[in-house]
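Reading through the structure tokens given below for one structure.
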Amino acid sequence: MRARNLIGLTAVLALVATPAVALASESYPHPTPFGPQRPYEPDVAGPVNIDRGSVAYTEDGGSRYGVRISFTSQRFTTTGVEPAAAREFVFLFDRSVHFNPYMFPTCDRSVIEKQGAAACPEGSQVGSGRAVFYRGGEGEVLVFNTAFDKGRRGVLIHIPVTGAILENTLERVVGHYRDNYGWGLNEILPVSDVPPQERPSTKEFYVTFGAVYKGQSYVRSFARSGTELAVGVWSEYVTGQTTLVEGTITRR
């Protein structure tokens, strides 16, 4: 059994969990290894990243079970230098959480690339947030419901100020992760011509998943009052380091 060491709990509307700081010395298996595969890239030398964060569940004001789930992610290093750049993230959702992508319009990656996010269909935006860059500045984050090849569903996380469009596929978790989680949103950062050790990093990232469209909720939680909910974020960096930040809270 994996232990959870929570920093603290604070109520925000429905419920909030503050996961523990991820231990840099440990290694964690991929929660959703059967989704799209990132091209192989050898590990590089770099700093040890330390991750921490919090997660909030709030009612979306739509359907009875509808929620918005907000992740706050922060990373720093043991020496104070810029954290190593990321390869992948997986946002982990409690087993009570279910997504409703088929009831929402979708926006294709090509639409954002050619016409900008404003051209996405009404109702396709299913989240928002903010990215704070280690080298200075910050930018708005937009989340859009989308469809991928082979019938996969998920979201596009778009950062207009940088032009980044990050594909997140909705995947079932595997192995011991199934004890606590049902679904993960697997985000793969593409390989680029910039050497891995020189790629920029975010020091803070805020993203909320959830929206209401024609009375339908994009994210729903069917947990009963008094149920303990699990939350987590798995990360892999260009150094080969993996981290896992987890927490729990009791639903009111």
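Not measured: the values here are computed from a predicted model. Residue indices begin at 1 and follow the sequence shown.
Note on Leu189: it clusters hydrophobically with Val143, by side-chain heavy-atom contacts below 4.5 Å among ILVMFWY residues. Taking hydrophobic clusters as Ile, Leu, Val, Met, Phe, Trp and Tyr residues chained together by side-chain heavy-atom distances below 4.5 Å, Tyr57 shares a cluster with Val233. Linking Ile, Leu, Val, Met, Phe, Trp and Tyr whenever their side-chain heavy atoms come within less than 4.5 Å puts Val161 and Leu166 in one cluster. Two different hydrophobic clusters hold Phe222 and Met103 under the rule that ILVMFWY side chains link at heavy-atom gaps under 4.5 Å. Linking Ile, Leu, Val, Met, Phe, Trp and Tyr residues whenever their side-chain heavy atoms come within less than 4.5 Å places Phe89 and Phe133 in a single cluster.
At a threshold of 4.5 Å between non-hydrogen side-chain atoms, the residues Lys203 and Pro83 do not count as touching. In this structure the side chain of Thr32 never reaches within 4.5 angstrom of the side chain of Trp234, judged on heavy atoms. Side-chain atoms of Tyr206 and Phe71, non-hydrogen and from C-beta on, never get closer than 4.5 Å to each other. Residues Phe148 and Thr106 have side chains not in contact (no heavy-atom distance under 4.5 Å, counting atoms from C-beta outward). Side-chain contact between Tyr213 and Pro105: present, with at least one pair of heavy atoms (C-beta onward) separated by less than 4.5 Å. Residues Phe144 and Val126 have side chains not in contact (no heavy-atom distance under 4.5 Å, counting atoms from C-beta outward). Proximity of Phe34 to Val174: side-chain heavy atoms (C-beta onward) are separated by under 4.5 Å at one or more points. At a threshold of 4.5 Å between non-hydrogen side-chain atoms, the residues Thr202 and Arg75 count as touching.
Because its NZ or CZ atom is both nearer than 6.0 Å to the ring centre of Tyr102 and within 45° of the ring axis, Arg153 counts as a cation-pi partner of that residue.
Paired with Glu187 under the rule side chain to side chain contact (heavy atoms under 4.5 Å, CB included), one option of Leu156, Ile157, Val155 passes, and it is Ile157. Of the candidates Val90, Thr243, Leu244, Ser235 forms a side chain to side chain contact (heavy atoms under 4.5 Å, CB included) with just one, namely Thr243. For the side-chain hydrogen bond (donor to acceptor under 3.5 Å, both in side chains) with Tyr181, the lone residue among Arg95, Arg172, Glu246, His176 that qualifies is Glu246.
Judged by distance alone, with hydrogens and angles left aside, the side-chain atoms of Gln115 form no donor-acceptor pair with the main-chain N or O of Glu113 at under 3.5 Å. Proximity of a side-chain donor or acceptor of Ser73 to a complementary backbone N or O of Phe205 within less than 3.5 Å is not detected. Listed for the Glu82 side chain is a donor-acceptor partner under 3.5 Å among the backbone atoms of Ser201. Using modelled atom types, one side-chain atom of Asn145 and one backbone atom of Pro101 make a donor-acceptor pair closer than 3.5 Å. Judged purely by atom type and a 3.5 angstrom limit, Ser217 has no side-chain atom pairing as donor or acceptor with the backbone of Val219. At least one donor-acceptor pair closer than 3.5 Å links the side chain of Tyr177 to the backbone N or O of Pro29. Side chain of Trp183 to main chain of His98: no donor-acceptor pair is present (N/O by atom type, distance under 3.5 Å, no hydrogens or angles).
A perpendicular orientation is assigned to the rings of Tyr218 and Phe104, their planes being inclined by more than 60° (bins at 30° and 60°).
Of the N and O atoms on the side chains of Glu88 and His30, at least one donor lies less than 3.5 Å from an acceptor on the other residue. Residues Gln74 and Asp51 bring no donor and acceptor atom of their side chains to less than 3.5 Å of each other.
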Using the side chain to side chain contact (heavy atoms under 4.5 Å, CB included) rule, take Ile159 and Glu140 through it: C-alpha gap first, then chi angles, then the decisive distance, then the call. CA-CA 6 Å; Ile159 309 176; Glu140 179 185 26; over 6 Å; no
When you look at Glu171 and Arg152, which way does the salt bridge (charged side-chain N to carboxylate O under 4.0 Å, His left out) test go after all the steps? CA-CA 8 Å; Glu171 308 284 348; Arg152 294 187 185 276; 2.9 Å; yes
Run the ring-ring contact (aromatic ring centres under 6.0 Å, His included) check on Phe93 and Phe99 step by step: do they pass? CA-CA 10 Å; Phe93 299 91; Phe99 291 80; 5.0 Å; yes
Could you go step by step and tell me if Glu41 and Arg199 meet the salt bridge (charged side-chain N to carboxylate O under 4.0 Å, His left out) rule? CA-CA 14 Å; Glu41 190 175 54; Arg199 292 173 193 162; 2.6 Å; yes
Evaluate Asn49 against Thr77 for side chain to side chain contact (heavy atoms under 4.5 Å, CB included), listing each step before the verdict. CA-CA 5 Å; Asn49 285 9; Thr77 63; 3.9 Å; yes
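Residues Val238 and Ala86 come closest through the heavy atom pair CG1-O, 4.3 Å. Scanning both residues, Ala117 and Leu142, for their nearest heavy atoms gives CB-CD1, 3.7 Å. Shortest non-hydrogen contact noted between Val212 and Arg68 is N-NH2, 4.2 Å. When all heavy atoms are compared, the tightest approach of Ala230 to Asp94 is N-OD1, 2.7 Å. The shortest heavy-atom contact between Ser63 and Asp60 is N-OD1, 3.9 Å. Minimum heavy-atom separation, Pro47 to Ala84: CG-N, 3.8 Å.
For the atom pair CG (Leu229) and OG (Ser96), the distance works out to 5.0 Å, reported to the nearest 0.5 Å. Atom CG of Asn168 sits about 10.5 Å away from atom OG1 of Thr146, to the nearest 0.5 Å. The structure places CD1 of Ile112 at 5.0 Å from CD1 of Ile165, a figure rounded to the nearest 0.5 Å. For the atom pair CZ (Arg109) and NZ (Lys114), the distance works out to 12.0 Å, reported to the nearest 0.5 Å. Atom CD of Gln125 is separated from atom SG of Cys120 by 8.5 Å, given to the nearest 0.5 angstrom. Rounding to the nearest 0.5 Å gives a distance of 9.0 Å between CG of Asn180 and OG1 of Thr248.
Counting non-hydrogen atoms of other residues, nucleotides and ligands closer than 6.0 Å to CZ of Arg135 gives a total above 12. Counting non-hydrogen atoms of neighbouring residues, nucleotides and ligands closer than 6.0 angstrom, the CZ atom of Arg130 exceeds 12 such neighbours. Within a 6.0 Å radius of CD in Glu122, other residues, nucleotides and ligands contribute 12 heavy atoms or fewer.
Salt bridge Arg38/Glu167: absent, no basic N to carboxylate O contact under 4.0 Å. Of the charged side-chain nitrogens involved, at least one lies within less than 4.0 Å of a carboxylate oxygen, so that Asp43 and Arg87 count as a salt-bridged pair.
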